[in-house]
Amino acid sequence: MNPTLLRSAIAAAGLVVALAFSSCITSDVIAKAEGNPPTLRSVQRSYQPEPPQPAYWLLVPLTIPIDVITLPGQFIYFQTREDY
């Protein structure tokens with residue numbers, strides 16, 4: 001198999017996995033960019049509406065790898081939570 005094609009396939013698979021499994025950090029950054037309540041804190045307390053903050057969109061490419069790396073810990077944490 002062509003090495004370039006193989007690398008491209010691995011990169012595409014990694015991108016799909018990263019986007020499919022991005023979790024709470026990415027979700028909260030996107031919510032902040034759109035001006036919506038963060039996913040976890042909105043359940044725990046009342047949320048004061050904020051205007052959208054488009055600069056947070058710049059952080060999304062950084063949060064996806066962090067979410068992928070911390071995914072096992074997040075999975076265990078949210079499996080043990082009763083209020084989520």
Side-chain angles (χ1 to χ4, degrees):
M1 181 175 219
N2 184 349
T4 304
L5 182 61
L6 181 60
R7 276 188 248 136
S8 298
I10 291 171
L15 180 62
V16 168
V17 168
L19 293 175
F21 292 111
S22 61
S23 187
C24 65
I25 299 169
T26 303
S27 299
D28 282 350
V29 169
I30 291 172
K32 186 86 166 176
E34 294 176 341
N36 296 327
T39 54
L40 295 177
R41 289 185 293 277
S42 63
V43 174
Q44 298 172 357
R45 63 177 172 85
S46 62
Y47 177 75
Q48 300 297 326
E50 297 179 7
Q53 299 181 17
Y56 277 83
W57 287 111
L58 298 172
L59 295 175
V60 172
L62 300 175
T63 62
I64 291 173
I66 293 169
D67 271 335
V68 170
I69 291 168
T70 61
L71 183 66
Q74 292 178 31
F75 179 76
I76 292 167
Y77 175 74
F78 287 116
Q79 292 297 315
T80 60
R81 286 184 59 130
E82 296 177 6
D83 62 338
Y84 190 70

Atom CD1 of Ile25 and atom CG of Leu59: how far apart are they, to the nearest 0.5 Å?
11.5 Å
When rounded to the nearest 0.5 angstrom, what is the spacing between OG1 in Thr63 and CG in Leu58?
11.5 Å
State which residues pass side chain to side chain donor-acceptor pair (under 3.5 Å) with Thr70; sequence neighbours excluded, sorted by chain then number.
Gln74
Interatomic distance, Ile69 atom CD1 to Ile64 atom CD1 [nearest 0.5 angstrom]:
12.0 Å
Taking all non-hydrogen atoms of both residues, which atom of Tyr56 and which atom of Val29 are closest, and how far apart?
O-CG1, 3.3 Å
